[in-house]
Amino acid sequence: MGLRIHNTLGRQKEEFVPLRPGEVQMYVCGVTVYDLSHVGHARSALVFDMIRRYLRFKEYRVRMVRNFTDVDDKIIARAHQEGVSPRELAERYIEEYRKDMAALGVGEADVEPKATDHISQMIRLIERLVTKGVAYPLDGDVYFEVKRFPSYGRLSGMSLEDLRAGARVEVDERKRDPLDFALWKRSKEGEPAWPSPWGPGRPGWHIECSAMSMHYLGDSFDIHGGGEDLIFPHHENEIAQSEAITEQPFVRYWIHNGFVNLGAEKMSKSLGNILTVKELLRHHDPEAFRLYLLGTHYRNPLDFSLERIAEAARALERFRNLFDEADRLAAKGTPPPGGDDGLLEKVARARHRFEEVMDDDFNTAQAVAALFDLAHLLQAFRSKVTQGQVAVGPFLLGVGELLTLGRVLGLFEATSKPPLSVPPELRARVETLVQARSDARSRRDWATADRIRQELAELGVSVEDGPEGTTWKLRP
RNA sequence: GGCGGCGUAGCCAAGUGGCCAAGGCGGAGGUCUGCAAAACCUCUAUUCAGCGGUUCGAAUCCGCUCGCCGCCUCCA
């Protein structure tokens, strides 16, 4: 079975066939760097990170480009406000974005280009558009003439008439059509400017993605992604610009992720209802957040809720308990003999199911369900290992497979809460108390044992007595 | 106004014509354990916003109604 992807162009699932066998070229719209990124940006980044991981699991060689928009009105306005240069402001937030993504476990793209490093490529594209007669200069600006591109509106599913009917853009009498959009903007006093055939100015927003994607990936490439708010006008305009020049299909598969809502409304800066990634990670485990996100299909809206993330953290604990158990059994050495009781075949079936549901337009909710089922299976088997009924080897193999599959989704990078976060002096004190409690227990002095457990609880430590002895961990 | 999407258990959420409607959280009972925790087992939607229709058969297709959201302006 092959991968099927929902293509925004056509609004249906299609079999995924890359341009070159075994290779995938993808471009993802990144962020405009004028402020800290929020949970909505995080969702988009995590979705495309998951897609890239899965494509790699399918043994595709993936080349991914994710851009930074580092010149635009908001950056300029913000920089003026803070009394720094737009470049300085952009650099700062690029740095912050990279830190946030790393903290979320989102891998770096193969290329992370900045718009301002590609001005000459943009100018060349604009020149070609002017030469072809699909764009026209006007007082130092250059506009794309939408009427010259017959399939304009195809991605968003709207006709020019539909678009004109609902147009909320300010009518600029100079433009040939209200829907014509800027490729190049004449710069005003005090704004960053680059020399061009039309005078000093700066690029319009849409042209940068055409320029950078075609520069790094070619005139036609496989996947272009971003949040669903980019469908119109951003991606619609990219198609118009690019295809007007090359007269070839720009992108084969358009993938758009759904929004994060907060309080029944889209999380966005203009509405003011945002939660930054930094704020999120101050209180929550990044893997719990990832598990929470994966529980909802990437195209569906997600109602953000800290309570749901806390639930995901509890669910994640169950996997981690299993991994701890596997570590303990693996460390014991000299595996006792025994059968596998059909476990490995069930593990293979779980893998098959995982791949099948992921092949269906990245159904991570189902994939996660397969992971939970596999974990249950392994836990049940582990009870039998402990009782000496079956061998430990198949159990460890099964856990290894669970880890492999989870990591395809970016989960289980940390198999347990990092014990490193325990300060050494606290660790020593806890170890002493745990030992004292074990001594008391071996004397069957339950009163003392319980008292010590209470003492440990006050330190935020919980203890568990198992057949292999007592273990402890920090409670969140 | 135009275009599009959503409404599934206490909560979250998959499923888009036919095996018992995934999975998670929460809850109930049981096993194990000195107790606890963890883990395991069982149970927790005769029903998919409502009303009609198509079909041998619909949560899934069609129509209408109600409620919610997004895009059409910068936006992941």
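So that the names make sense, note that chain A is the first sequence line, chain B the second, and so on, each numbered from 1.
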Rounded to the nearest Å, what distance is computed from the NZ atom of residue A/Lys266 to the P atom of nucleotide B/G4? 19 Å

Let me know the distance between CZ of A/Arg314 and P of B/G26, rounded to the nearest Å. 5 Å

Can you sort out the partners of A/Gln25 under side-chain hydrogen bond (donor to acceptor under 3.5 Å, both in side chains), two or more places apart, ordered by chain and number? none

Can you spot which of A/Arg351, A/Arg353, A/Arg349, A/Lys346 makes a salt bridge (Lys or Arg N to Asp or Glu O under 4.0 Å) with A/Asp373? A/Arg353

Quick one: A/Phe372 CZ to B/G26 P, roughly how many Å, whole number? 11 Å

Kindly state each residue pair satisfying ring pair (Phe, Tyr, Trp, His ring centres under 6.0 Å) with at least one member in residues 26-52 of chain A, sequence neighbours excluded. A/Tyr27-A/His224, A/His38-A/His41

Qualifying residues under side-chain hydrogen bond (donor to acceptor under 3.5 Å, both in side chains), relative to A/Lys99, sequence neighbours excluded: none

Whole-angstrom distance between B/G27 and B/C32, as gauged at atom P: 23 Å

Set of side-chain hydrogen bond (donor to acceptor under 3.5 Å, both in side chains) partners for A/Arg202, sequence neighbours left out: A/Asp73, A/Glu191

Per-residue pairing states of RNA chain B in dot-bracket (Watson-Crick or G-U under 3.5 Å; . unpaired, | other strand) read ((((((((.[[[..)..(....]]]((((((.......))))))....[[[[[..)....]]]]])))))))....

Whole-Å gap separating P (B/G5) and CD (A/Glu228): 11 Å

Atom-to-atom span, CD of A/Glu265 to C1' of B/C71 - whole angstrom: 15 Å

Look at A/Arg164 and B/G2 and indicate whether a side-chain polar atom (N or O) is within less than 4.0 Å of OP1 or OP2. no

Members of residues 436-446 of chain A that approach RNA chain B, where some heavy atom sits under 4.0 Å away: A/Arg437, A/Arg441, A/Trp446

Could you list the protein-to-nucleotides 9-11 of chain B atom pairs, N/O on both sides, closer than 3.5 Å?
residue: B/C11; atom: O2'; partner: A/Arg308; partner atom: NH1; Å: 3.4
residue: B/C11; atom: O2'; partner: A/Arg308; partner atom: NH2; Å: 3.1

Establish, yes or no, whether the cationic atom of A/Lys114 lies under 6.0 Å from the six-membered ring centre of A/Phe68 and within 45° of the ring axis. no

For A/Phe16, check ring-ring contact (aromatic ring centres under 6.0 Å, His included) against everything at least two apart and list the hits. A/Tyr60, A/Tyr253

Using the salt bridge (charged side-chain N to carboxylate O under 4.0 Å, His left out) rule, collect all pairs that involve residues 36-50 of chain A, keeping only residues at least two apart or in two chains. A/Asp49-A/Arg53, A/Asp49-A/Arg290

Pick out the pairs of N or O atoms, protein on one side and nucleotides 15-19 of chain B on the other, that lie under 3.5 Å.
residue: B/G15; atom: OP1; partner: A/Asn363; partner atom: ND2; Å: 3.2

Check ring-ring contact (aromatic ring centres under 6.0 Å, His included) between A/Tyr93 and all other residues, then give those that pass, not counting sequence neighbours. none

Test side chain to side chain contact (heavy atoms under 4.5 Å, CB included) on A/Leu138 and A/Val142; report intermediate values, then the result. CA-CA 6 Å; A/Leu138 193 73; A/Val142 183; over 6 Å; no

Would you kindly give the CG-to-C1' distance between A/Asn261 and B/C68, to the nearest whole Å? 10 Å

d(CD, A/Gln12; P, B/G4) in whole Å: 14 Å

With sequence neighbours excluded, give me every ring pair (Phe, Tyr, Trp, His ring centres under 6.0 Å) pair touching residues 348-368 of chain A. none

To the nearest Å, give me how far apart CZ (A/Arg353) and C1' (B/G23) are. 8 Å

Look only at the side chain of A/Glu236 and the backbone of A/Gly153, and say whether a donor-acceptor pair between them is shorter than 3.5 Å. yes

